[in-house]
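Since we're looking at a predicted model, the values are computed, not measured. For ligands, and for the atoms within them, numbers begin at 1 and follow the listed sequence.
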Amino acid sequence: MENKIVIANLKMNFTVGELANYLKGVGDIESPNLVICPTSIYVPYFLNKKFKVGLQNIFYKDEGAYTGEISPKQASSMGVQYVIIGHSERRTILEEKDSLINEKVKAALNNKIIPIFCIGETIEQKSMLRTNRVLAQQILTGLRDIKKEDFEKLYIAYEPVWAIGTGEVPTNLEIEKIVEYIKSVVSEHFGYENVKVLYGGSVNEKNIVELEKVPNLSGYLVGGASLYSDKLKMIINKVVKA
Ligand code: PGA
């Protein structure tokens, strides 16, 4: 089986001064299975190391009059290999819709950038037993018109909104069943078997031991804990087998 990946989502953290210390901490990590996604203006500090670099968002056009946006073509030309798309913070705070997210996924793939496509239910949706319906809707619109062969490249990150930054994590059985459901939706609607699914939401250097028992995950998306290089290293060591 392919090695799992760990995506470090640094979100909007670190001044340049603070970054120096963090870079020292992660500088000696040698792992093609680690992808660090810093604030986009910091990308050059993270390139040319022995891990990979991703963005936390991307625009859906390659170039032109789009003030303030970041083009997938430009990102690719710099050496960015991954991009997080449709994170719940962007869906909520910036009101990103499934159809916009779909454009971004396609633009990333067109530029050979691997999308980390995020989906997840809110606590209200979960308590109304609507989780599966919500996830299916996000997948069907967010991945509309994606070619079968592109499913080989992309990752779907299952991030329950109620688990992000809260310290709460679903049970292993809940994660396993939802991952199975996600794979079945993709298989039924896009004809691609066994799409790679990550788990994200309060993953840390302690609960990773238990999470590693979930049999059908391809890796993790880590926020808060990834801001500490020692914690990030502990997570990678538990997940990526030599
Ligand atoms: P968290 O964030 O690990 O801090 O819960 C995960 C994410 O938002 O991707």
Ligand-side contact atoms (ligand 1) for residue partner Gly201, heavy atom cut-off under 4.0 Å: 5 (O)
Heteroatom distance test (Ile164, ligand 1): nitrogen or oxygen, under 3.5 angstrom: no
Proximal ligand 1 atoms for Gly223, defined as those under 4.0 Å from one of its heavy atoms: 1 (P), 2 (O), 3 (O), 4 (O), 6 (C)
Any N/O pair Ala225/ligand 1 closer than 3.5 Å: no
Side-chain heavy-atom pair Ile84, Leu221 within 4.5 angstrom cut-off: yes
Arg91 and Glu159 ion-paired at < 4.0 Å: no
Min N/O separation Lys11 to ligand 1 under 3.5 Å: yes
Check: Gly224 N/O within less than 3.5 Å of ligand 1 N/O: yes
Sequence neighbours excluded, every pair satisfying ring-ring contact (aromatic ring centres under 6.0 Å, His included) that has a member inside residues 59-87: Phe59-Tyr66
Presence of salt bridge, Lys61 and Glu69, under 4.0 angstrom: no
Nearest protein heavy atom with distance in Å, relative to atom 9 (O) of ligand 1: Glu159 OE2, 2.7 Å
Between Asn102 and Lys106, a side-chain donor and acceptor under 3.5 Å: yes
Residue Asn9 vicinity, atoms of ligand 1 by number, heavy atom under 4.0 Å: 9 (O)
Element-labelled atoms of ligand 1 that are located less than 4.0 Å from some non-hydrogen atom of His87: 7 (C), 8 (O), 9 (O)
Qualifying residue, where the test is side-chain hydrogen bond (donor to acceptor under 3.5 Å, both in side chains) with Asn216 and the options are Glu176, Glu180, Lys177: Glu180
Intermediate values then yes/no, salt bridge (charged side-chain N to carboxylate O under 4.0 Å, His left out), Asp98 and Arg144: CA-CA 9 Å; Asp98 291 320; Arg144 190 174 49 208; over 6 Å; no
